[in-house]
Amino acid sequence: MVFGKTKGPPALDRKKPCAIVLFYQYAEPAWSETEHRRILRAMVRLGREHGITGRGRIAREDVNCTLTGESRSVRKFCQAVRALDPYFEDTDFKITDGLDSRAEFKRLTLRKTEELVGYGLAKDPPALKGATHLGAREYHTALKKPNSVVIDVRNQYETEIGRIVPPVGGAELIDPKIRNSHEFPKWLARPETQERLAGKTVLMYCTGGIRCERASALLGAASSNASAADQLLSSPKEILMVRGGIDRYLREFPDGGFWRGANYLFDKRFEQRPSRVNPTSDVVLGECASCGAKCDEYRGRYACGEASCKVPVLVCARCRRSPTSSDLRCRLCRDGYGGARKDAFPTYDPPPTTTPPPTPTSAITPPPKKKRRVVVEPPASDATRVFVGNLPLVLEKRALVDALPGCAYDVEVTWLVDRDSGLFYGSAIVDVEDASTAATIVRAECRLKKRKLRLGYFKGDAPTDPALRADRPPVVYVAHTTLCCPCAF
């Protein structure tokens with residue numbers, strides 16, 4: 001669910017350097033539904049007030065954001081977030097200044113979600129007391145110690161272009177070779193994994209720390225719920241993670257330390273490298289999926305052509321003009337590794353709890369299925385109400401009508417908005433003149449501003465608010481805030 005979506009500040013000078021801030025925060029115990037809604041609305045409001053753009057996801061138990069804006073406004077925003085809730089008092093805001101204006105997001109998007117780290121355990125998350133947090137230098141020292149392992153909890157396409165390489169005689173690097181976070185609990189449940197971790201000091205790392213929080217909690221919960229005898233045989237000696245992730249480590253070790261290659265980023269910077277040129281750390285580890293040349297820049301949104309995979313793949317600058325995605329394979333598929341298959345890993349069973357056993361399936365009345373309001377088959381022979389999704393957030397009714405074949409200009413268009421925030425989220429209902437026109441539109445492949453539109457029949461009644469039938473959808477603009485003096489943060 002998109003809770004807040006706003007266009008970027010119209011008066012912003014795009015040539016001016018910007019700042020980016022990455023932060024996450026777990027809430028344990030989780031916020032109530034009321035507190036969750038309050039945090040969502042407050043974050044949207046603060047973003048508007050301070051001219052902040054970017055994206056974030058907010059669940060009842062955690063927040064994760066990557067935001068951009070003018071340097072002083074970013075700091076002002078972070079100060080305001082600290083005052084929102086006691087959980088934010090110790091939040092680690094990782095701010096990078098002086099970035100090219102092209103790294104700035106165009107709008108602010110905050111999404112309500114059930115689970116930030118996609119382990120599929122939103123209904124039964126483990127307690128967040130798995131790992132001991134170490135500073136970057138303490139973590140660096142721990143990597144030198146024998147009888148220890150270090151786990152890269154990121155996806156394999158991230159590991160392909162950069163990773164920690166411990167020194168000889170130090171920790172053993174373990175790459176789980178996972179395509180997405182859902183595979184990590186399954187990998188952790190494998191007997192061979194547990195055998196490799198038994199009795200060892202387990203170090204973990206990820207981009208900013210949020211995935212290590214959940215991964216270490218998962219490993220810690222499995223260990224604490226084992227019997228005393230099993231703990232002696234199969235439990236790790238201790239679990240450690242670097243505070244602030246790779247981002248903090250590279251800030252502390254500008255020459256790279258034990259890091260090699262590039263750190264994959266989920267923002268417009270694409271990747272992060274050590275700030276100082278070092279022949280040891282400044283190496284290209286990845287390979288082009290088309291020609292095999294050395295490459296570590298994910299550009300062009302190329303994906304693995306394997307139907308059960310579809311993860312990002314590397315394509316070098318020379319090959320970006322020629323290959324098609326169906327011809328490309330990721331590193332795991334090229335190596336014949338079937339981690340994406342449903343039977344590749346054993347099913348993960350959450351640790352046993354003291355709750356009573358579930359009611360037998362035969363005695364449970366299944367909940368009613370949620371009625372789909374958008375369908376591809378006409379709900380009636382005379383159906384004329386068409387749903388249109390994936391629209392640009394800024395457009396006019398005439399442009400929408402022009403994109404739909406056979407649609408008259410006098411049709412009624414109703415813009416759909418979020419119930420809580422009242423913001424337009426890119427969908428509309430179009431009442432066309434007859435069923436044949438509706439069928440033509442639904443079967444067509446329509447585009448608007450290079451966006452492929454999602455089309456279908458809309459079942460039910462359209463909103464009755466007259467303001468939603470204007471020539472343009474309701475758009476809330478963010479006012480850019482200029483501070484008169486710098487503030488310490």
* Asked: Looking at residues at least two apart in the chain, or sitting in another chain, which of them share a salt bridge (charged side-chain N to carboxylate O under 4.0 Å, His left out) with Asp92?
  -> Arg248
* Short N-O contact, Asp97 and Arg72, less than 4.0 angstrom -> no
* Asked: Would a distance-only check, ignoring hydrogens and angles, find a side-chain to backbone donor-acceptor pair under 3.5 Å from Ser216 to Cys212?
  -> yes
* To do: Determine whether the side chains of Ser290 and Arg320 contain a donor N or O and an acceptor N or O closer than 3.5 Å.
  => no
* **Residues that Glu158 engages under side chain to side chain donor-acceptor pair (under 3.5 Å), provided they are two or more places apart** => Asn155, Arg211
* Asked: Looking just at side-chain N and O atoms, do Asp62 and Tyr24 make a donor-acceptor pair shorter than 3.5 Å?
  -> no
* **NZ/NE/NH1/NH2 to OD/OE distance under 4.0 Å, Arg60 and Glu35** => no
* Structure fact -> Sequence neighbours excluded, the answer for salt bridge (charged side-chain N to carboxylate O under 4.0 Å, His left out) partners of Arg137 is Glu252
* Partners of Arg451 by side-chain contact (heavy atoms from CB on, under 4.5 Å), sequence neighbours excluded? -> Asn390, Pro392
* Take Val386 and Ile429 through the test side chain to side chain contact (heavy atoms under 4.5 Å, CB included) and record every step on the way to the result. => CA-CA 6 Å; Val386 175; Ile429 300 171; over 6 Å; no
* Sub-3.5 Å donor-acceptor pair from the side chain of Lys397 to the main-chain atoms of Glu412, do we have one? -> no
* To do: Can you establish whether the number of heavy atoms outside Arg447 located under 6.0 Å from its atom CZ is more than 12?
  => yes
* Asked: Just by distance, do the side chain of Thr68 and the backbone of Phe105 share a donor-acceptor pair under 3.5 Å?
  -> yes
* To do: Could you tell me which residues satisfy salt bridge (charged side-chain N to carboxylate O under 4.0 Å, His left out) with Glu138, sequence neighbours excluded, listed by chain and number?
  => none
* State plainly whether the residues Arg154 and Glu160 are in salt-bridge range, i.e. N to O under 4.0 Å. => no
* **Residues that Gln272 engages under side chain to side chain donor-acceptor pair (under 3.5 Å), provided they are two or more places apart** => Asp247, Asn263
* Asked: Do Leu134 and Val242 have side chains that get closer than 4.5 Å, going by heavy atoms?
  -> no
* Asked: Residues in side chain to side chain donor-acceptor pair (under 3.5 Å) with Asp85, at least two apart?
  -> Trp31, Arg38
* Asked: Between Phe23 and Phe77, how do the two ring planes meet: parallel, tilted or perpendicular, split at 30° and 60°?
  -> tilted
* Got more than 12 heavy atoms from elsewhere within 6.0 Å of CZ, Arg45? -> yes
* For the side chain of Arg102 and the backbone of Leu99, is there at least one donor-acceptor N/O pair under 3.5 Å apart? -> no
* Structure fact -> Taken in chain and number order and not counting sequence neighbours, the residues that satisfy ring pair (Phe, Tyr, Trp, His ring centres under 6.0 Å) with Phe270 are none
* What residues, two or more places apart in sequence or in another chain, satisfy side chain to side chain donor-acceptor pair (under 3.5 Å) together with Arg385? -> Asp431
* State which residues pass ring pair (Phe, Tyr, Trp, His ring centres under 6.0 Å) with Phe253; sequence neighbours excluded, sorted by chain then number. => His140, Tyr249
* Asked: Going through the distances and angles, do Lys76 and Glu70 end up as a salt bridge (charged side-chain N to carboxylate O under 4.0 Å, His left out)?
  -> CA-CA 10 Å; Lys76 201 73 174 178; Glu70 194 271 331; over 6 Å; no
* 4.5 Å side-chain heavy-atom contact, Glu238 and Val202 -> no
* Who are the ring pair (Phe, Tyr, Trp, His ring centres under 6.0 Å) partners of Tyr264, not counting sequence neighbours? -> Tyr157, Phe266, Tyr298
* Carboxylate-amine/guanidinium proximity below 4.0 Å for Asp152 and Lys177 -> no
* Looking at Asp471 and Trp415, what are the two nearest heavy atoms and their distance? -> O-CZ2, 3.9 Å
* Structure fact -> Residue set satisfying salt bridge (charged side-chain N to carboxylate O under 4.0 Å, His left out) with Arg398, at least two apart, ordered chain then number -> none
